[in-house]
Every structure is written in structure tokens, then in C-alpha cells.
Amino acid sequence: MQERKYNFRQIEQKWRKNWEERPVNTDTTRPKFYCLDMFPYPSGDALHVGHWRGYVLSDVLARQKLLQGYHVLHPMGWDAFGLPAENFAIQNNIHPEEATKTNIAKMKAQLMDIAALYDWDLELSTTDPAFYKWTQWIFVQMFKHGLAYEKEMPLNWCPACKVVLANEEVVAGACERCGGASTKKNLRQWMLKITAYAERLLNDLNGLDWPDKVKKMQADWIGKSYGAKIDFEIEGHDEKITVFTTRPDTLFGATFMVLAPEHELVLKLATEDKRAEAEQYIKDAGTISNVDRMAKKDKTGVFLGSYAVNPVSGQRLQIWISDYVLADYGTGAIMCVPGHDERDFEFATKFGLPIIQVIDPPDDTGVMINSDKFNGLTVAEGKEAVTAELAARGIGEKTTNYKLRDWVFSRQRYWGEPIPLIHCDACGVVPVPEDQLPVTLPHVDSYQPTDTGDSPLALITDWVNTTCPTCDQAAKRETNTMPQWAGSSWYFLRYADVNNDKELINPEIMKKVLPVDYYVGGIEHAVLHLLYARFYTKFLYDIGVVDFVEPFTKLFNQGMINKDGKKMSKSKGNTVSPDDIVGKYGSDTLRLYELFIGPPEMDAEWNENGIEGVFRFLNKLWKFVADNTGKAVKTTPRHEQLRHKLIYDITTRMDNLSANTVVSGFMEHTNKLTDMARADGMDKETIETIIILLAPFAPHMAEELWEMTGHNTSVFHQSWPQYDETKMAEDTITIVVQMNGKLRENIHVAADAAKDDVLAAAKVSVAGRLEGLTIVKEIYVPGRLVNFVVK
RNA sequence: GCCCAAGUGGCGGAAUUGGUAGACGCACAGGACUUAAAAUCCUGCGGUAGCAAUACCGUGCCGGUUCGAUUCCGGCCUUGGGCACCA
């Protein structure tokens with residue numbers, strides 16, 4: 001007795017069990033395809049239908065590659081360190097380690113419903129000492145190569161999270177995590193010299209198959225600009241003020257100077273009568289939050305009482321401080337050209353400072369005026385000429401400048417990888433010897449952040465107190481931990497060799513499996529995670545651990561799924577759980593619906609109205625196979641033609657990653673095939689073809705149908721069908737007949753009809769309409785249309 | 001303010017390179033089957049006029065190029081996203 005009804009519950013259970021017992025992706029002799037999802041944070045929030053979207057898409061890619069003859073690496077793991085996990089733990093009063101374990105178990109159970117091809121043997125967690133041993137090892141290598149350094153500096157500080165933020169973590173002056181205003185705080189921090197890689201991080205973007213949008217965001221973040229550094233002498237002082245400018249051609253128009261309030265020369269240059277006012281301004285600038293500072297419209301500032309000298313015009317320049325000059329961009333000081341810079345103009349106008357025009361007209365097409373011997377030069381010529389003159393005089397040079405700043409790498413929190421360093425009074429900072437890694441996180445009861453900005457680890461004295469690896473004297477451990485990004489910056493390497501306790505990754509395996517071929521994840525990581533991962537990869541290349549410089553060959557960012565016009569999130573209370581939908585319609589239906597909802601790269605509004613249609617489609621396809629298997633007819637050219645068109649549509653649409661039209665293509669073809677089967681019967685090969693094509697999208701059902709057609713091995717051991725365009729061609733085609741570009745008639749002609757015959761037939765079809773008119777032009781587009789231009 | 005997307009029926013969306021606008025699906029309406037309902041199947045479904053054949057209009061707005069424009073160009077409007085005093 002054959003089961004005629006599509007019983008998804010039974011089928012899905014059956015094949016999950018089957019795949020577990022007999023895995024389908026085991027042939028490691030095939031060429032590899034590494035298809036990776038950005039791994040999730042196991043926070044307390046359950047997965048919602050938005051998470052599914054990316055995971056389903058990458059799994060469809062992975063399963064299609066399997067059918068196309070690859071061995072697919074498609075792993076999954078947990079980005080479990082960091083603030084989200086720690087904050088969840090604090091809120092719920094559970095130790096982060098416990099909370100992480102529970103959350104991982106919960107999320108993993110949910111993830112199982114997707115029925116992705118994940119190889120759970122490769123599962124990893126960034127919180128596993130066997131994993132973070134190597135996170136620490138990379139840090140030690142960076143330290144040894146001079147890329148990690150300690151610095152006391154005013155840093156972005158989130159008073160709510162009680163933690164230092166990297167520049168990348170401050171969004172519009174607010175903490176990226178909690179949304180609260182970020183302020184400045186002076187603290188000793190560990191920094192990573194990512195700026196040393198700025199040029200390579202920028203240049204290597206060119207070769208990547210990534211969305212242009214993401215490449216542009218990274219390029220903007222790196223922010224390369226060309227210009228000059230120029231020294232200005234100060235009246236009565238030996239020091240000089242060095243500025244960076246992109247417009248050395250406007251030097252004759254520099255009429256005053258402004259330093260950032262944090263600039264090191266400020267107090268020296270403030271004259272007695274101005275000192276109090278300057279000090280007050282600096283104090284205000286330091287305590288005001290970034291949000292408030294940016295909300296300020298008016299320019300403010302204090303004249304320091306000192307003067308500099310314009311090196312070409314000789315003019316005396318008042319030296320001011322103002323918070324519109326940023327301490328950490330360029331040199332923290334600028335020459336002000338109010339004639340050609342809007343902000344300088346605003347400042348000059350407010351404080352009555354001189355304004356000189358030196359480019360006429362004042363745009364790219366202008367030439368230099370009021371500039372002595374440079375008069376008449378274009379902007380481009382002027383940049384070169386002025387810079388050359390300054391260089392000859394030894395007071396300037398051509399410079400390239402970057403917005404990118406070094407990475408604040410330490411966090412004053414508990415739930416992270418301990419930074420593996422030891423502070424010794426005699427030897428200074430000494431890395432923990434590699435054979436003593438990992439430095440494990442001590443298990444403690446109090447992991448709440450401290451108000452002082454110290455790490456909670458600082459309170460655990462028997463962990464902090466140790467001996468120096470170099471001189472064996474009493475020494476203290478570094479108590480800061482690493483940021484969440486540390487583990488995610490290199491985890492993709494580890495999947496390939498997850499159990500190796502001798503090295504980060506075996507070189508042979510590395511060569512065979514990496515880099516990642518296809519990386520799928522949210523656009524929110526366009527700068528942070530992807531930039532850091534690229535930096536780590538380049539460093540690991542430099543020290544010979546990997547043999548490639550870019551970790552992710554191709555990147556795809558799936559669109560977000562919104563509900564009621566807003567991003568789905570637990571805090572907004574608008575999440576939709578996949579669990580109920582899986583229960584009602586099955587995993588295959590939800591997989592297809594996630595793809596059907598719209599173009600994968602675009603945001604979509606969640607709306608369950610269409611899910612019924614997808615479920616109906618699967619039922620129809622089920623019925624088509626069940627009704628026609630066992631009484632298959634001999635293949636006719638008409639069967640072949642339909643079959644090749646089916647393969648063509650699904651394959652090319654998938655190649656373009658147009659997943660939504662792949663699903664509509666399946667629906668369309670199933671309707672056509674059903675009609676044809678009723679009229680002429682259906683051949684075995686076509687039935688089997690649609691099952692194989694369906695397998696990446698609805699794997700459970702495809703397996704069941706494959707079995708129904710008399711096979712006893714997995715459908716995933718088949719190969720992706722090939723199409724032959726010559727076999728797709730129709731015998732007769734429809735030609736549109738237009739008059740003056742307007743549709744008038746449709747005619748049917750033989751596919752190989754000659755041009756003259758088509759035109760003749762077209763004329764016949766519109767003969768009545770042509771009466772009294774003259775054809776002035778005939779347009780013929782083979783296979784498509786005829787257009788008569790008439791008068 | 002600057003940069004980047006997007007704007008198509010009641011709804012989600014489709015449309016190779018400039019070549020039949022609205023595929024596929026949802027919703028809706030009518031019908032078949034049924035004692036009835038569900039499920040399923042069939043038909044219709046952009047607007048206006050018309051019994052109809054058909055005609056005209058129609059892809060955010062205004063204009064242009066072209067035999068022909070959702071597609072290309074110029075100028076706007078709206079929405080979403082990114083950056084934001086970067087010298």
C-alpha cells in the first residue's frame with residue numbers, strides 16, 4: 001500500500017533519522033566547497049524566522065554544491081563570549097558559563113529543524129578552552145610582532161555597560177550594544193595596530209566577490225586621503241604645529257589655526273590671560289558625551305593668545321582650540337582656510353577672523369589667485385607645486401592619511417578570553433609561554449562589572465598573582481579580557497581542523513579546505529567583524545599560518561525580515577517563531593517560504609499569507625509524483641523539451657541567486673507537468689529530474705519521493721541535472737506584431753521561419769489596420785517581434 | 001548635509017541585452033464535488049468605457065532619447081539604509 005497523502009511529520013522525522021545514520025556528505029575525495037554561515041550568539045532569545053532566512057539560503061547552496069559533485073564543508077558553531085551572553089547572565093542571575101551552555105542547547109535544538117547539512121562533528125564554541133587557546137596564541141604572536149601595545153588614552157566609554165568601546169562599536173555617538181550615550185574616559189588599554197594593515201585592507205578589497213555596498217563601507221571606514229603635512233612655526237616657541245591638509249594649494253588662504261582641545265601643545269600655547277578660559281573649555285570638551293557634541297550646531301572655541309606664521313604668506317595666524325577639530329584624525333591640528341572650507345568659514349565669521357579667497361572660481365575648475373608666484377596654476381598643479389616648495393624648504397611633505405584607527409582590544413569584563421600577558425616589575429610585560437596556553441578563565445561567583453573600570457578578574461587575587469615566566473619573581477596577570485570579536489576573527493579556520501591540539505590548523509588541511517568559498521550573513525557585520533577577520537587573516541598569512549590573504553572569497557548578505565515595518569527582535573516583542581510553523585506545515589514548507597518571500601538580498605516584511613500557497617505547491621508536487629510513478633510512459637520530444645526548460649529555469653535562476661523565482665519556477669513547472677501528465681502521461685526521467693532539482697530546497701520530501709520512485713539510496717548521491725538548450729527549443733514561437741510600438745496582434749510561426757516569411761505573415765495579420773497607411777519602416781527582432789512604423 | 005538602494009494591481013512580487021508589463025503565489029468573486037463543511041478542482045481578477053469584439057490609460061512625479069522605455073539620460077518627490085565637523 002502506497003501512502004498517497006503528503007504526511008510531512010512522518011517524512012521529516014524519518015529522513016532526519018536516516019541522514020544521521022547514513023550521512024550523505026562524506027566523500028572527501030571530491031573537490032571541496034566551503035559554505036559558511038556567520039555563527040550566532042547563543043543569547044537567551046530563541047531563533048526567529050529572520051534567522052532562518054540566511055541559514056536556509058546557505059544550506060540550499062551547500063546542498064546544491066553537493067549534488068554538483070563537491071564535498072561540502074558546512075559547519076556551525078557558537079560565538080559565545082562577549083557582552084550579550086554576559087548581560088543575559090547578569091539579568092537572569094545565572095553564571096555566564098551555565099547560561100551559555102543552556103542557550104546553546106536550546107538554539108541547537110531549534111537549528112535542527114532547518115535540517116541543514118551541518119556537520120555537527122565540527123561544532124565549536126569560542127568559549128571552549130581548546131578553542132580560545134588559539135585565540136590567545138594569535139594574540140601572543142601579534143604581541144611578539146609588535147602589533148599589540150599598551151596605551152593610556154581617552155577612550156569611548158559606555159557608562160551603562162561599564163565597558164570601553166572600540167571606535168567601530170560607537171554608532172552615532174552611542175553604544176552599539178545598549179544604545180546609551182558614550183562618553184570619554186582615560187584608561188590603560190591594549191591596542192592592536194590594525195592601521196599597519198590599512199593599505200592592504202583597502203587594496204585587497206578589489207579582488208573580492210563581495211557586494212559593492214560592503215566594499216564601499218569598508219573603504220570609507222579605512223578612509224584613505226592624499227595631501228600634505230605642513231609645519232607651522234609658532235612665535236616665541238621652539239615647537240612647531242604640524243597639520244595635515246588635502247588642499248595644500250590653498251595655503252595662501254590659511255588665516256588662522258585650530259587645535260583639538262586634547263592636542264598636546266594646547267596648555268603651552270595658552271598665554272596667562274587665556275589659560276583659565278582654555279582649561280575650562282578643555283574640561284567641558286572632555287566630559288560632554290559624543291552625542292551631545294555632535295548635536296551642537298554652533299562652532300565654539302577659545303583663542304589661546306599665541307600666534308603661528310603662515311610659511312608662504314608670512315601672515316600672523318591666531319591659534320585657537322575648538323572641538324570641531326578631532327584629536328585622533330590627521331595630526332589633531334588644522335590650518336584654517338575660511339575662503340574655501342565651510343566649517344572654517346563658519347568659525348571665521350563667528351569670531352571675526354580674516355577670509356581670503358585664493359582659488360577662482362572657488363571649485364575644481366578654478367585657478368590660484370592671491371598666491372604670489374603660484375597664481376594661475378590649477379588646483380591639481382597647485383597641490384603639487386606648493387607641496388614641492390615646502391618639501392624643498394624642509395617644512396612639508398606629501399602624505400597619505402587614513403581614518404582607520406588602532407583597535408582598542410581590551411575589555412574590563414569577565415566573560416571573555418583572558419589576555420595572556422604577565423606584568424613583571426623587573427621584566428616588564430611578558431607573554432605567557434605558548435606551552436602554558438590557554439590561560440583559562442577562573443570560575444568565580446562575582447562577575448559583575450566594577451564601577452572603577454577595572455576588570456572583575458582584578459579582584460581574584462590568587463588568580464592575578466603568579467610568577468614571571470622570565471625571571472621567576474612574583475608577578476601579576478593581565479586582568480583585561482578580549483572583545484567579542486577576537487574569536488570570530490578567525491573561527492572559520494578552526495572548523496577545518498577543530499580537534500587539533502598541536503597547532504591552530506594543520507597546513508595540509510588549510511591548503512585543501514580554505515579559504516571560505518561562500519560566506520552568508522547579515523549586513524550588520526559589513527565593517528566590524530569582516531574588517532577584523534580580514535586583518536587577522538593577513539597577519540596569519542604574514543607569519544605563515546595560512547597561504548591566502550583574504551578569508552572570504554564570496555560574500556552574500558541576506559536581507560532582514562521585518563515585522564510591522566520594524567526589525568524583528570525580542571525587545572520589540574515582534575518576533576515570529578519558526579517552531580509553530582514547522583509544527584503546522586513542516587520544515588520543507590518553511591524552507592521554501594523563506595526563499596519565496598522575496599529577493600534574498602532585500603529586506604522583507606513577514607506575512608504568513610503566502611505560506612499556504614507554498615504548502616499547496618508541495619502537496620501538488622507530491623500528488624504529481626505519486627500519481628505518475630509506476631505508470632510512466634515513454635519519453636517524447638515534448639517531455640524532453642519541458643524537462644530541459646525546467647532544468648534551465650531552476651539552474652540559471654539559482655546561479656543568479658534569485659531564490660524567490662526558483663520557487664515560483666517550481667510551481668509553474670509543476671502545473672505544466674501535471675497538465676501534460678493528464679493529457680499524455682509522464683516519463684520516468686522527467687519525474688526523477690524534478691525530484692533531484694527539488695532536493696536542495698525541500699530535502700525531506702525529495703528523499704521520500706526519490707524512494708517512492710523506486711530508489712534505495714539517497715537522492716543526494718545523484719548529480720545535478722544538465723540542460724541542453726537545443727532540446728528546450730519550441731517548434732513554433734509567438735511573434736508580437738506592433739504598429740508604431742503598440743501591440744496589435746500575436747502570430748505563431750515556425751521557430752526557424754525566415755525573416756521575409758515572418759514579415760509577410762505579420763503584414764497579413766494586420767492587413768485591415770494597414771489600410772490607408774504607408775509602412776515607412778519595418779523592425780524585426782528575431783524570435784520576438786515585428787514593428788511596423790506607419791504614417 | 002553627503003553616499004547607496006528601492007518605489008510596478010487589493011497584497012508579496014515577476015519581466016535575459018531597450019522588445020507582449022503584471023509570471024508565480026496570496027486575497028477576493030463565481031462555479032463543480034458534498035446532506036453540509038473542510039480539502040480539492042475549474043473560471044475570472046490593473047483602471048475607465050462597452051453586452052461584446054475592442055479602444056484608451058497605466059510601472060512614484062516632470063521632461064528627454066528611441067520604431068519601441070519598468071529598463072537608458074536629465075531634473076524632482078517619497079521611503080529605507082550607511083556615513084556624518086575626517087581638514
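Numbers restart at 1 for each chain; the letters A, B, ... are given by sequence-line order, proteins then strands.
Considering only side-chain N and O atoms, Arg616(A) lies under 4.0 angstrom from the phosphate OP1 or OP2 of rA27(B). Contact check, Asn787(A) against rG19(B): no side-chain N or O comes under 4.0 Å of OP1 or OP2. The side chain of Asn671(A) contributes no N or O atom lying less than 4.0 Å from OP1 or OP2 of rA23(B). Lys742(A) has a side-chain polar atom (N or O) that falls below the 4.0 Å cut-off from OP1 or OP2 of rC57(B). At the phosphate of rA87(B), OP1 or OP2 sits under 4.0 Å from a side-chain N or O atom of Ser225(A). For the pair Lys777(A) and rC67(B), the criterion of a side-chain N or O lying under 4.0 Å from OP1 or OP2 is met. Distances shorter than 4.0 Å separate some side-chain N or O of Tyr329(A) from OP1 or OP2 on rA87(B).
Distance, Arg744(A) CZ to rG68(B) C1': 13 Å, rounded to whole Å. Between the C1' atom of rC67(B) and the CD1 atom of Ile775(A) lies a distance of 13 Å, rounded to the nearest Å. rC67(B) atom C1' lies 7 Å from atom CG of Asn740(A), rounded to whole Å.
One C1' atom belongs to rU8(B), the other to rU79(B), and the distance between them is 15 Å to the nearest Å. Rounded to the nearest Å, the gap between the C1' atom of rG22(B) and that of rC4(B) is 28 Å. The separation of rC24(B) from rA15(B), taken at their C1' atoms, amounts to 12 Å, rounded to a whole angstrom. Taking atom C1' on both rG7(B) and rA87(B), the two are 38 Å apart, rounded to the nearest angstrom. Rounded to whole Å, the separation between the P atoms of rA14(B) and rC67(B) comes to 31 Å. Taking the C1' atom of each, rG64(B) and rC26(B) are spaced 39 Å apart, rounded to whole Å. Annotation: rA38(B) and rG50(B) have their C1' atoms spaced 40 Å apart (nearest Å). One P atom belongs to rG75(B), the other to rA5(B), and the distance between them is 15 Å to the nearest Å.
Toward the 5' end of RNA chain B, the nearer of the two residues Val781(A) and Met602(A), judged by each one's closest nucleotide, is Met602(A). Of the two residues near RNA chain B, Ile334(A) and Asn660(A), the one whose nearest nucleotide lies more 5' is Asn660(A).
A perpendicular orientation is assigned to the rings of Phe244(A) and Tyr329(A), their planes being inclined by more than 60° (bins at 30° and 60°).
Asn401(A) and Ser225(A) share no donor-acceptor pair across their side chains, judged by distance under 3.5 Å alone.
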Name the atoms and distances for all side-chain donor-acceptor pairs under 3.5 Å in residues 735-744 of chain A, with sequence neighbours left out.
from: Asn740(A); atom 1: OD1; to: Val790(A); atom 2: N; distance (Å): 3.0

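Note on Val736(A): a base of the nucleic acid sits closer than 4.0 angstrom, heavy atoms only. Asn609(A) comes within 4.0 angstrom of the backbone, heavy atoms only, and of no base. Heavy atoms of Ile779(A) sit under 4.0 angstrom from at least one base atom. At the heavy-atom level, Phe666(A) lies nowhere under 4.0 Å from the strands shown.
Taking the six-membered ring for Trp and the full ring otherwise, the centers of Tyr585(A) and Tyr593(A) sit at least 6.0 Å from each other.
Screening Ile356(A), Asn310(A), Val358(A) for a side-chain contact (heavy atoms from CB on, under 4.5 Å) with Phe252(A), the sole residue that qualifies is Val358(A).
The backbone N or O of Leu202(A) sits nowhere less than 3.5 Å from a side-chain atom of Gln218(A) that would complete a donor-acceptor pair. In terms of modelled atom types and a separation under 3.5 Å, the side chain of Thr331(A) and the main chain of Thr242(A) share a donor-acceptor contact. No donor-acceptor distance shorter than 3.5 angstrom exists from the side chain of Asp603(A) to the backbone of Gly559(A), with no hydrogens or angles considered.
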- Query: So what's the dot-bracket for RNA chain B: Watson-Crick or G-U pairs under 3.5 Å, [ ] if a pair crosses, | if it pairs off-strand?
  - Reply: (((((((..(((......[....))).(((((.......))))).((((....))))..(((((..]....))))))))))))....
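rG64(B) shows a glycosidic angle more than 90° from 0 and is accordingly assigned anti.
Counting non-hydrogen atoms of other residues, nucleotides and ligands closer than 6.0 Å to NZ of Lys350(A) gives a total above 12.
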